[in-house]
Each structure stands twice: as structure tokens, then as C-alpha cells.
Protein chains: 2
Amino acid sequence: MVTIKDIAKAAGVSPSTVSRVVSNHPRISKATTQKVKKIMDEMGYHPNIMAKSLVSKTTKTLAIMLPRPAEELFQDFFFGELLRGILTQSTRAGYDMLLAAATSPQDESETIARLVLGRRVDGVILLSARTNDPLIDLLNQHDFPTVLIGRSDGHHNILSVDNNNEQAAYDATQHLIIQGHERIGFVSGPPNLTVSHDRMAGYRRAMKDASLPVRGEWIVEGEFLQQSGYRAMSFMMGLPERPSGLVVIDDVVGFGVLRGLNELGYSVPNDISLVSFNNIALSELATPPISSVDIGTYQLGYTASQLLIRRIMEEDIYQSRMIIPHRLIVRESSIQAVNKRS
Amino acid sequence: MVTIKDIAKAAGVSPSTVSRVVSNHPRISKATTQKVKKIMDEMGYHPNIMAKSLVSKTTKTLAIMLPRPAEELFQDFFFGELLRGILTQSTRAGYDMLLAAATSPQDESETIARLVLGRRVDGVILLSARTNDPLIDLLNQHDFPTVLIGRSDGHHNILSVDNNNEQAAYDATQHLIIQGHERIGFVSGPPNLTVSHDRMAGYRRAMKDASLPVRGEWIVEGEFLQQSGYRAMSFMMGLPERPSGLVVIDDVVGFGVLRGLNELGYSVPNDISLVSFNNIALSELATPPISSVDIGTYQLGYTASQLLIRRIMEEDIYQSRMIIPHRLIVRESSIQAVNKRS
DNA sequence: TTGCGATATCTTTAATAGTAACCATTGCTT
DNA sequence: AAGCAATGGTTACTATTAAAGATATCGCAA
């Protein structure tokens, strides 16, 4: 391997001078710069990133800490879009991305400790916030640059990027109410995720504002998997009084709901109307196309990365909590036949 | 930051001894080990990974080199599953994963050079092989541990994990032929990817073996996007003699095909039968459920990571090319109504 | 023309955190 | 008493950079 010393020797200068050439230091003459650069090219020199990181105490690397278990996440287009947003921005800013997964709960803290306290990364993006995330405490304790995608109860001093999920669910629910629905159900996600809470709260507020009753059996919790949606329907459609409209926490779950309703012989949107969240690429290709709240997934990731890098650069950050706007995309799954005819 | 020297001083031993305790060196007494470990816990010591990497010339990190542009990839469930396979195995083996993307063609080589020649990673997983990939030459030149997911023409001395895509397409096509179809079309992917070539070849062989004609206008190239499938249908269904069966390169494209056919008023499978590839989670939730060749996506990623780590460990590797078995999953999209009744 | 300080340019030295090869000490056996 | 495990310390090294020091060059006044 060719090192900075080899270049220095070959060019007849000191290693420091080569180092300055590499980092475009102003106090190097054009002649020397050219000479050194030529030799670097000839000898195929590439700076050893580890040595550089050791001395500069900076790795130019960010970590994405994946929640555990990660299966659900990878099953969802949502994650791909988020990742794309993060990666695009961090690549542009000259940062590498480390994908960190944990296999067990204690391993999660250990992984973070290894990466963060071992100075392997300059910052961390946390995904899928739980209602009380111990990782956030750990990272805050060490005052380590962290951005949370989502929201965590009881942590107000952490940088975060999120949607207004409460309002998003309000809008989705209100849309169904405007379409004339009075019995509206909610297919939720894992109960320990704040996103489940927030969307549920918005659903409840919309129902309350319209003076509509919310029945306990119209709310079903599950995972971000199609199977959850499918199972929710087996249960909900067996009720004596079943809802005529459904708000579903995630498009993939929505696909499962659609399949369940289909098999049970219900027609969407004529028998049951449907609105879900995230607006993944395939939701407009469902039969019927699914109405969905676009939460700006790419933007969410892009902004998180941007915010994190700003924090690392120690720029002044005035807003610790950034909200990405959402937008309800109305499609066939929530437009009743009567409206369609008009 | 607490270093190995701080621990050494606090424990009254030399830095080497602490280093030995950390790496479970056998020649350290139990008493010393315990004493040092206790102090490490108390002081919250975590080894600096950069310093370790510098001296050991090993980073315990793998890079996934994403193809450019990466948009398509992130839009596909396929990628998520692949990533999950890679990540699961590499995490188990104690390796971190670096996600590397390039923004331009020349940047691609630069990124590889920076990571590989700069000794930032121990190995590289290449995705989405093109027919003649210059990156492979670059990596081979430096004898750098690399595993290719897919196949690249003219590179036989590279480790790779792939499917038998030719046979997979043969099986898919033959399935349609057995169902009684004689006019079968092929909706392909980007022409510069080997996977497009291989699947096309299998399709052609199956048609030839059955003495069925292949028309040029029944073959359409595109991307791994739903829009490609949609556009292919606009074109193909406008032909004077249109196919009655379709082999589609990817499930996401299949979703687009389904939508296109739907809008044009064709029924699947009664008017047109459909088989596609990759068997993503949502293909069984399409309307109708899409027949798809399961290529063992998770396995593909898992095996690639495993192979790469073996190569890094300099284990003897007897097979340089591993083939993950495929399996045709027959669903409603390719079972004609007449068969359904029986 | 010469001498001086200012400036530009480059070198030397020390530091980053850790590891490995080699060396040193101890206490026990033969 | 010599030899030998067992255990731990010393020293040198990894590739790079920052700070401080050294040298050369230049402009300008005497």
C-alpha cells in the first residue's frame, strides 16, 4: 500500500506538504501542488481513511439505527423511500452511511455504544421511535449528535423530524366523514410506537368533532404487515355492527385489508371505504387504488440527514423539531359509488 | 474520551495488558482480567475503532455498492429483502454495513477507490450487474474481496451469487405454454443488465422448444418501474395480433401491467395471463394475485454476505459461483378460468 | 548595493489510540 | 542452581495531521 510518506519521498517533500496538497491548503505553491499531484496519480495514492479519522476525530460517517425487529421495516416501501432520502443527502454532503441492526434488546445499546463511544460514526439517525426509547437517553447522556425520525414521549431536547401524524389522521378520518360515513374503524400499528398513538389520537379527535361514536371493537392493533390488515378484517367484519369506513395505519396493511374484504365478499369502496397512510408507490396500483396520506417520506429522510449534518457541523439550529407536511391523496378506495356517478 | 492508557493507569498495568484483556488474550491471569474489566466498566471504556482499524489494517465493515441511478432499486421490495439478507448475516458475523451510492458514473469509480484503496472497508458487495461492469475490473485489479450479486459477462474470476435466471424464465414461460398459450410476450428490464438478457434467453428457449413463434413486437424493454409495465401494455395491446400470455421481468412492473390491462378493459387471467419474477410480498395481494418466480431474495443477500466474509477470512472457497434455487409460485393471474373450474 | 523585517513556503516534531513482537520478571520445578 | 512456564512491561509501529519551527524570497529604506 502506498502511503503519504512514499509520495513525500518520491516528490522530495515532507509528508506534511503532501497532506496539505491533499486537503487543498492555501499555503502551498502551485508548482509543488502540481508536482505532488502528478506523483500521487502515478503511484495511485489514496489517503488511508482510518489514519485520517484517528487524528481528526471525525469519520464522515452516519449511522442509521434500525429498530428491532427489522423484518417489518424491510417489507415496506416506506423504508426504501426513507433510506433513499437519507442516502441522497448524506452522499451529497460527503458522508457515508452505516446501516446498524441489533439482534436483541441489550445488543441494541451495545451496538450504539460501540459505534458512538468507539468513535466510529459522527452522528446517528434513529428510526421508528418507541414511546420511551432508552437509546435516546443513552445518546443524550453523551451529548452525541442524533436525529430522531418520529417522536418520542418525554424527550423534548432531541432533534427530530416528523409528520403531524395527529393532524394527518384527522384529515383522513374527516375525509371519510365528509363522504357520509358514520361508523369508522381504525386499524392501528404496534401499540408501543408513537406513530400509532398520534394517528389514533387524530382519528379520535375527528370522530369527536363530528359527534360520532368510537367503539372499542372498531379499533384493532397490529403490525406493519399485510397479515395484520387481513386479520383485522376477519375480526371486524364478523361484528354485529361493522364499520363502513376504515382508517388504516399503513399502505401495506391496507393491502391486507383490501384482500381480507375481497375474500369476505365486501366491495371497496361500495361496502367499505378505505384510507391509509404513507402513499407507497404501489397504493395507486391496488384494485381499487387506495386513498393514502402522503407523508413526504423521501423528504423525511432527506431532512433528517440534513439536520444531523448541521448539528455535527455545530451550526446554530433554531428548530429542534421539524415537521414535514402531509397531503391526502384521494383515490377510488374512498370515493363512494354515489360520488363517482356525480 | 477515556483511552486504553487511562484504564492502564487506573488499573496499575500497562496499556498492552489492557489491550490483551479486551481481546481475550490467553496469557493474562484471571485476577488481572477481572480487575481491568471492572475498571473498564467503571470508567465506561470503549475501544476506539479507528485506532484499532489503523493498526490491524482491518475495518470489520462491508460496503454495498448501489447501482446508479438507485431510484428504481429503492422502489422495489426486492431490494429491501436483499438488504435484509445481507444485513442479517453480516451483523451475525460481526461486520458493519456501509451503504455506498454514487451520483455520477465517474463518481462510482472514485467512491470505490476511496473506500477500497483508502482501506475503509474489508469487502464489497456489488449489486445489479451490468453486461460489462468497469467496477469489477477495478476491484479485480487490486485483488479486493468482492462478491457480485448477479452475473457479469466476461468476468469469470469473480465470486458471485445468482439465480439461474435463464431457467427461471424458461419455467415461467413453459408454465404459460402448458396453460395453452401460444402467443406469449416478454416485458423486459433495462437492456444493459444481465438479468434482462438471461430471462429473455430463457423465454426464447422455452418458446423454441415448444415450436412457438416469437415476434419482435411482443418483446418490450423498460425499467424496473410500474410505469414501464403500464407503458408496455399501451403499446402491446394496440398490436393487431396481441399476446395472450405475458412473462414480466419484475413484480413491480407486473403491477403496472395489471393496471394497464385493467384500464384497457382486459381481464386477467381470462383475456391475458401473467407471470412475473421476484415474488415480492405484495404480489399475492394484487387483484388477481400474481404468479411469480420466487428467486430466494433474502437467501441471495444472506449467501452473498457469507461468501464475502469467507473470502475476507481467506478460507478456501471451492465454488466461485453460487446459484440460489428458484421456485415458480402459481397464483390466479396465470390460471385460466377453464382450469379454475376443474 | 546592502541589510532588515515581513511573508511565503516547507520541514520537524509530537500527537492520535491501539497492537504486536520482543523482552523482563517472578516463582516454581527438577 | 539452572531452566521454564506464566505473566506482564517496553518499545516500535500503523498513516495521518496540527502546531511550531526553519528556511528562502522579496520589498524597501538607508
Side-chain angles (χ1 to χ4, degrees), chain A residues 1-40 43-61 94 113-122 142, chain B residues 1-40 43-61 113-122:
Chain A
M1 186 184 168
V2 39
T3 75
I4 206 169
K5 283 180 192 164
D6 300 328
I7 302 296
K9 197 173 285 177
V13 295
S14 77
S16 300
T17 303
V18 179
S19 173
R20 284 189 175 118
V21 168
V22 169
S23 53
N24 288 317
H25 194 282
R27 294 271 258 259
I28 297 288
S29 70
K30 278 201 178 133
T32 317
T33 303
Q34 280 195 343
K35 183 176 62 184
V36 170
K37 279 197 170 162
K38 185 163 166 259
I39 292 185
M40 289 198 306
M43 298 183 66
Y45 171 70
H46 285 266
N48 184 309
I49 303 181
M50 293 302 142
K52 192 170 177 167
S53 291
L54 178 61
V55 72
S56 69
K57 295 177 185 309
T58 247
T59 62
K60 289 290 220 169
T61 306
R114 184 174 60 82
L115 295 176
V116 165
L117 275 35
R119 293 283 180 273
R120 150 145 277 189
V121 297
D122 295 346
H142 293 273
Chain B
M1 185 185 172
V2 39
T3 75
I4 206 168
K5 283 179 192 163
D6 300 328
I7 301 296
K9 197 172 284 178
V13 296
S14 78
S16 302
T17 304
V18 179
S19 172
R20 283 179 177 127
V21 168
V22 170
S23 52
N24 288 318
H25 194 280
R27 295 269 261 261
I28 297 288
S29 71
K30 279 203 178 131
T32 317
T33 302
Q34 281 196 343
K35 183 177 64 181
V36 171
K37 278 197 171 163
K38 185 164 166 262
I39 293 186
M40 288 198 308
M43 300 184 64
Y45 171 70
H46 285 265
N48 184 308
I49 303 182
M50 293 303 142
K52 193 170 177 167
S53 292
L54 178 60
V55 72
S56 69
K57 294 174 186 311
T58 246
T59 61
K60 288 290 220 169
T61 306
R114 184 174 59 83
L115 295 176
V116 166
L117 275 34
R119 293 283 180 274
R120 148 142 277 186
V121 297
D122 294 346

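We name chains A, B, ... by the order of the sequence lines, and we start the count at 1 in each one.
Residues of residues 8-31 of chain B that place a heavy atom closer than 4.0 Å to DNA chain D, in numerical order, are B:Gly12, B:Val13, B:Ser14, B:Ser16, B:Thr17, B:Arg20, B:Arg27, B:Ile28, B:Ser29. Taken residue by residue, residues 48-55 of chain A places heavy atoms nearer than 4.0 Å to DNA chain D at A:Asn48, A:Ala51, A:Lys52, A:Val55.
In the 5' to 3' direction, nucleotides of DNA chain C lying under 4.0 Å from heavy atoms of chain A begin and end at C:dT9 to C:dA17. Protein chain A contacts DNA chain D from D:dA15 to D:dA20, reading 5' to 3' and using non-hydrogen atoms of the protein with a distance under 4.0 Å.
A:Ile49 pairs by the side-chain contact (heavy atoms from CB on, under 4.5 Å) definition with A:Ser53, B:Arg114, B:Arg120, not counting sequence neighbours. Every residue two or more places apart in sequence or in another chain that forms a side-chain contact (heavy atoms from CB on, under 4.5 Å) with A:Thr58 is listed here: A:Ser56, A:Lys60, A:Asp122. With sequence neighbours excluded, no residue forms a side-chain contact (heavy atoms from CB on, under 4.5 Å) with A:Val55. Residues satisfying the side-chain contact (heavy atoms from CB on, under 4.5 Å) test with B:Thr3, not counting sequence neighbours, are B:Lys5, B:Asp6. With sequence neighbours excluded, the residues that form a salt bridge (charged side-chain N to carboxylate O under 4.0 Å, His left out) with B:Lys38 are B:Glu42.
Among the atoms of the strands shown, none is found under 4.0 Å from any heavy atom of B:Lys5.
B:Asn48 places none of its side-chain heavy atoms less than 4.5 Å from the side chain of B:Lys52. Side-chain contact between B:Tyr45 and B:Ile39: absent, with no pair of heavy atoms (C-beta onward) separated by less than 4.5 Å.
When every heavy atom of A:Ala8 is checked against every heavy atom of A:Pro15, the shortest pair comes out as CB-N, 3.5 Å. Of all the heavy atoms in A:Val2 and A:Gly44, the pair that sits closest is CG1-O, 3.5 Å.
Atom CE of residue B:Met50 and atom CZ of residue A:Arg119 lie 11.0 Å apart, to the nearest 0.5 angstrom.
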For residues 16-27 of chain B, dump all side-chain donor-acceptor pairs below 3.5 Å to protein atoms at least two apart in sequence or in another chain.
unit_1	atom_1	unit_2	atom_2	d
B:Thr17	OG1	B:Ser14	OG	3.2
B:Ser23	OG	B:Ser19	O	2.9
B:His25	ND1	B:Arg27	N	3.1

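In B:Lys35, the NZ atom is crowded: over 12 heavy atoms of neighbouring residues, nucleotides or ligands sit closer than 6.0 Å.
Summary of helix geometry: the two end axes of the helix from C:dT1-D:dA30 to C:dT30-D:dA1, each defined by five base pairs via their C1' atoms, are inclined to each other by 60° (rounded to 10°).
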